[in-house]
Amino acid sequence: MSVLVRQKQELVSALYTAIEAAMASGKLEVESVPEIGLEVPREKQHGDFASNIALIMARAARKAPREVAEIIVDHLPKGGVIRAVEVAGPGFINFFLSNDWLHDTLRAIEEQGEAYGNCQHGAGEKVLLEFVSANPVGPMNVVNARAAAVGDTLARLLRAAGYEVGTEFYVNDAGNQADVFARSLEARYQQLTNADYPFPEDGYPGAYVAELAQVLKEERPDLLDLPFDERIAFCKRWGTDKMVEMQQADLRAYGVEFDLWFRERDLHAQGALEAVIEFLREKGLMFEEDGALWFRSTQFGDDKDRVIVKSDGSYTYVTADIAYHYDKLKRGFTKLINIWGPDHHGYIGRMKAAIQALGYSEDTLEVLILQYVALLRDGQQVKMSKRAGEFITMQDLVEEVGKDAARFFFLHRSPESHLDFDLDLAVEQSNENPVFYVQYAHARISSVLRQAKEQGIAVPTCSQVDLSLLEHETELDLLKQLAALPEELLAAALLREPHRITRYALDLAGLFHSFYGYCHILGEEAPLRDARLVLVSNIRVVLRKVLGLLGVDAPEQM
RNA sequence: GCGCCUGUAGCUCAGGGGAUAGAGCAUCGGACUUCUAAUCCGAGUGUCGCAGGUUCGAUUCCUGCCAGGCGCGCCA
């Protein structure tokens, strides 16, 4: 249990005791005592912790909130860690504590290292996180980059919260788009020797297809000897494999590794689509109409029923996706989280219906919808047109602004917000760029520790120093921020809000820079110097940890 | 028409049933012979889109409306 939670519980039980004592003495009369909430106030002057219990109880007690608060405070046990209690505002009870409880935070960090803040909340739950899943027919875009950052960090957060997590990229290499891509590639191949060879009407115009055709020509100069159908089949397999390799390289450069790249074509090869259709048919959830086979998804709340086998005998996208999700479930995952782009929200209903049809509860599947990303340059939105080839890819973005800035910017905003990504700001090597601000805090501490070492000063452990010497306001603020990590990390994981960690990192860095402006370390007398060395080296551990969660480097010097 | 997201300071965005609604940027003024000035210290800024409702208390929850973005295929 975290230091902060333990301290809260201690105060809550003190409040319970006080309320019971007040009731026993007849000062307070209520049917039952509500659950007591305690929070860290936004304003420092409102104490270390505050409770609104008197406001909540006022009506039942038939007294003014402030009066209730006064009665509770009168019955609170005095002394111990509670330095002062006050009734404030409309009836808040504010607690001011002695600083001792904060020191346990440093001991916890020292003991646990970068595992500090982790917990076992999710123990026993197996979560599958599927994200990006961009079609292997073209370069990834900036929404894919956003999804990669959010998904990867969410996976790291869930693991830190004790969940067993698998990450997957679903490769849609068997559908319509893969066919179109194969025909585009084949046509470009033909055009290498016959400039007049027609390009498919709906083909992919990007230059990358022609470049791939060149590579293909070198690898398979004899391709045209094959019959057309076999040639297309080869192009489909070879081409999508190449695109997957490129996606893997882009994502690796971005710090994202998937546990599994799941091929749609494997589902087809295994007969998984037929199997899941049969399963649903036996449950009476399939019907034929207009020459097609339909899934009665409306039975599970979907807007309309969905075609599973088209009238031409081929499958729709959703058919393979149902088979894929069935596969996930059969592998023992108890929670499926999918991260999709904004154009897919209409797809949620049918997939939730499918999950229920397969015999699982609706909330087994959780879908996070990301919103669009607008790129800004010179304050203007960058217009993109796939057709005209004016298109900023994920690769372009990462090359232009770097992995750290790209990830940090995407993780700076809540996932469901529309995002303006300022390209000029992201590349700026200056104080305006928030990612540097956090990294700089880490580098500064590293520099101090480096110089301490050069001077022959070892970083002591908590037990070797007097932590009560840490009493400057900025030092206490830092200790409180460090104490807040466990709760913040769990909240970020449970609410699926990685941007909380970005904010935490910025706040921690800000408090450190402020401390650094007021307090010296190496120049101080040994006892204070040593206490501060303990403080900053533990701050560095936490900075490294949160940057690690964000997938951003923690440089030793800048 | 239906559904989803968004609307908070000049800009980009946090926050969230409770106390005086916050941060960064931009603007202005200070701080380097001392551990990295990519930093710090100080200063101004609000119809929380609009209107109702619930509540002791709403910017937060509910309903309606307005505005912007997106989606509603036998495409993926």
Side-chain angles (χ1 to χ4, degrees), chain A residues 39 41-43 45-46 50 52 55-56 58-59 64-65 88-92 94 133-135 137 172 174-178 180 202 264 289-294 303-304 306-321 341-349 369-372 374 376 379 409 412-422 425 428-441 443-452 454-455 474 499-500 502-503 506-507 509-510 512-524 529 532-533 536 557-558:
Chain A
E39 61 166 0
R42 277 202 304 267
E43 301 277 338
Q45 63 204 22
H46 296 143
N52 64 350
L55 289 151
I56 291 168
R59 180 193 277 273
F92 288 99
N94 295 341
S133 297
N135 282 329
V137 298
N172 181 218
N176 224 352
Q177 293 193 12
V180 172
D202 56 350
E264 181 188 350
E289 195 174 292
D290 301 333
L293 187 65
W294 299 67
D303 302 349
K304 51 181 91 164
R306 304 294 169 178
V307 170
I308 292 294
V309 183
K310 301 184 219 169
S311 49
D312 68 358
S314 63
Y315 299 110
T316 60
Y317 179 81
V318 74
T319 313
D321 216 15
D343 50 336
H344 279 68
H345 87 260
Y347 196 75
I348 297 174
I369 296 292
L370 297 178
Q371 293 301 321
Y372 274 106
L376 302 181
F409 273 53
H412 197 183
R413 304 297 180 217
S414 86
E416 73 268 22
S417 295
H418 300 259
L419 175 73
D420 283 340
F421 193 113
D422 188 332
L425 178 59
E428 201 155 337
Q429 308 263 320
S430 81
N431 55 353
E432 292 173 36
N433 193 334
V435 66
F436 290 111
Y437 187 80
V438 179
Q439 290 180 316
Y440 184 50
R444 265 185 154 175
I445 297 173
S446 299
S447 174
V448 171
L449 297 181
R450 218 162 30 237
Q451 289 181 50
E454 282 164 14
Q455 294 171 30
T474 58
H499 69 287
R500 283 169 175 268
T502 316
R503 195 147 288 277
L506 281 165
D507 288 345
F512 168 75
H513 286 308
S514 181
F515 156 78
Y516 192 89
Y518 282 112
C519 302
H520 276 232
I521 301 164
L522 297 179
E524 300 289 348
R529 178 198 69 197
R532 286 183 173 162
L533 280 171
V536 299
Q557 48 192 321
M558 290 171 72

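By convention in this document, chain letters (A, B, ...) are assigned in the order of the sequence lines, proteins followed by strands, and residues within each chain are numbered from 1.
- For Asn94(A), the side-chain contact (heavy atoms from CB on, under 4.5 Å) criterion is met by His46(A), Ala50(A), Glu86(A), Ala88(A), Phe92(A), Phe96(A), not counting sequence neighbours.
- At C75(B), one or more side-chain N or O atoms of Lys310(A) fall inside 4.0 Å of OP1 or OP2 (strictly under the cut-off).
- With sequence neighbours excluded, the residues forming a salt bridge (Lys or Arg N to Asp or Glu O under 4.0 Å) with Arg306(A) are Asp302(A), listed by chain and number.
- For the P atoms, the distance from U59(B) to A19(B) is 11 Å, rounded to whole Å.
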I'd like a table of atom pairs between the protein and nucleotides 7-13 of chain B - only N or O on both sides, under 3.5 Å - with the distance next to each one.
unit_1: U12(B); atom_1: O3'; unit_2: Asp420(A); atom_2: OD2; d: 3.4
unit_1: U12(B); atom_1: O2'; unit_2: Arg413(A); atom_2: NH2; d: 3.0
unit_1: C13(B); atom_1: OP1; unit_2: Asp420(A); atom_2: N; d: 2.9
unit_1: C13(B); atom_1: O2'; unit_2: Arg413(A); atom_2: NH1; d: 2.5

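- Nearest nucleotide to the His520(A) side chain, out of G18(B), U34(B), C74(B): U34(B).
- Protein atom CG of Leu506(A) is 18 Å distant from nucleotide atom P of A38(B), rounded to whole Å.
- The minimum heavy-atom distance linking Ile369(A) with Gly341(A) is given by the pair CD1-O, 3.9 Å.
- Nearest nucleotide to the Asn176(A) side chain, out of C75(B), A19(B), C74(B): C75(B).
- By the 4.5 Å heavy-atom criterion applied to side chains, Val318(A) and Tyr347(A) are counted as neighbours.
- Here the nucleotide nearest the side chain of His513(A), chosen from C40(B), A37(B), C74(B), is C40(B).
- Residues passing the salt bridge (Lys or Arg N to Asp or Glu O under 4.0 Å) test with Glu39(A): none are found, sequence neighbours excluded.
- Asp321(A) comes within contact range of no nucleotide atom at all, as no heavy-atom separation falls under 4.0 Å.
- Rounding to whole angstrom units, CG of residue Asp303(A) and P of G1(B) are separated by 17 Å.
- If you take atom C1' in G30(B) and the same atom in G17(B), they sit 42 Å apart, rounded to whole Å.
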Which atoms of nucleotides 41-45 of chain B (N or O only) lie under 3.5 Å from a protein N or O atom, and what are those distances?
unit_1: C41(B); atom_1: OP1; unit_2: Ser514(A); atom_2: OG; d: 2.8

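- When the P atom is used for both G52(B) and C13(B), the distance is 30 Å, rounded to whole Å.
- Contact annotation for Gln45(A): base contact, defined as any heavy-atom pair under 4.0 Å involving a base atom.
- When atom types are taken as modelled, the side chain of Asp290(A) and the backbone of Ala292(A) share no donor-acceptor pair closer than 3.5 angstrom.
- Distance from the side chain of Glu43(A) is smallest for G22(B) among the nucleotides G22(B), A19(B), U6(B).
- For Gln451(A), the side-chain hydrogen bond (donor to acceptor under 3.5 Å, both in side chains) partners two or more places apart in sequence, or in a different chain, are Ser447(A).
- Between Arg42(A) and U20(B) there is no side-chain N or O to OP1 or OP2 distance below 4.0 Å.
- In this entry the distance linking CD of Gln557(A) with P of C35(B) reads 16 Å, nearest Å.
- Among the nucleotides C35(B), C40(B), C74(B), the one closest to the side chain of Gln451(A) is C35(B).
- Protein atom CG of Leu522(A) is 5 Å distant from nucleotide atom C1' of C35(B), rounded to whole Å.
- Applying the side-chain contact (heavy atoms from CB on, under 4.5 Å) test to Tyr315(A) and every residue at least two apart in sequence or in another chain returns His268(A), Leu273(A), Glu274(A), Ile277(A), Val309(A), Thr319(A).
- Across all strands, Ala50(A) comes closer than 4.0 Å to base atoms (heavy-atom distances).
- Here, G15(B) and U27(B) have their C1' atoms 25 Å apart, quoted to the whole Å.
- Summarising the geometry of Asn135(A) relative to Gln177(A), their closest heavy-atom pair is ND2-OE1, 2.7 Å, with the distance given to 0.1 Å.
- Geometrically, Arg444(A) engages Tyr516(A) in a cation-pi contact, judged by NZ or CZ lying under 6.0 Å from the ring centre and within 45° of the ring axis.
- Listed by chain and residue number, nothing satisfies the side-chain hydrogen bond (donor to acceptor under 3.5 Å, both in side chains) test with His344(A) (two or more places apart in sequence, or in another chain).
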Applying the Watson-Crick and G-U criteria (both distances under 3.5 angstrom) with [ ] for crossing and | for other-strand pairs, one obtains for RNA chain B (((((((..((((....[...)))).(((((.......))))).....(((((..]....))))))))))))....
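- Across all strands shown, Arg532(A) has no heavy atoms under 4.0 Å from either base or sugar-phosphate atoms.
- Here Phe92(A) lies parallel enough and close enough to stack on the base of A19(B), with planes under 30° and ring centres under 5.5 Å apart.
- Remark: Arg503(A) engages no residue in a salt bridge (Lys or Arg N to Asp or Glu O under 4.0 Å) (not counting sequence neighbours).
- The side chain of Tyr516(A) lies closest to A37(B), out of C4(B), C40(B), A37(B).
- A distance of about 30 Å separates the C1' atoms of C35(B) and A43(B), rounded to the whole Å.
- In this structure, Gln439(A) reaches neither bases nor backbone, as no heavy-atom distance under 4.0 Å exists between it and the strands shown.
- Nucleotide C35(B) holds its P atom 16 Å from the CZ atom of Arg529(A), rounded to whole Å.
- Distances were taken from every side-chain heavy atom of His46(A) (C-beta onward) to each of A14(B), C5(B), A19(B); the shortest belongs to A19(B).
- Here Leu449(A) pairs with Ile445(A), Val459(A), Leu533(A), Val536(A), Ser537(A), Arg540(A) under the side-chain contact (heavy atoms from CB on, under 4.5 Å) rule; sequence neighbours left out.
- G69(B) and U12(B): their P atoms are spaced 15 Å apart (whole Å).
- The P atoms of G10(B) and G18(B) are separated by 25 Å, rounded to the nearest whole Å.
- The residue Leu55(A) sits close to a base: some heavy atom pair falls under 4.0 Å.
- The same atom, C1', is picked in U6(B) and in G49(B); the two are 11 Å apart, to the nearest Å.
- The side chain of Lys304(A) sits closest to G73(B) out of G73(B), C40(B), A19(B).
- Counting only heavy atoms from C-beta on, His345(A) has its side chain closest to G71(B) among G71(B), A19(B), G69(B).
- Across all strands, Ala443(A) comes closer than 4.0 Å to base atoms (heavy-atom distances).
- Going from atom NE2 of His499(A) over to atom P of U6(B) covers 11 Å, rounded to whole Å.
- The heavy-atom pair separating Gln371(A) from Ser417(A) by the smallest distance is CB-O, 3.5 Å.
- Considering only the side chain of Ser447(A), C35(B) comes nearest among A19(B), C35(B), G15(B).
- For Ser133(A), the side-chain contact (heavy atoms from CB on, under 4.5 Å) partners are Glu130(A), Tyr170(A), not counting sequence neighbours.
- One can find a donor-acceptor pair under 3.5 Å joining the base of A19(B) and the side-chain atoms of Asn94(A).
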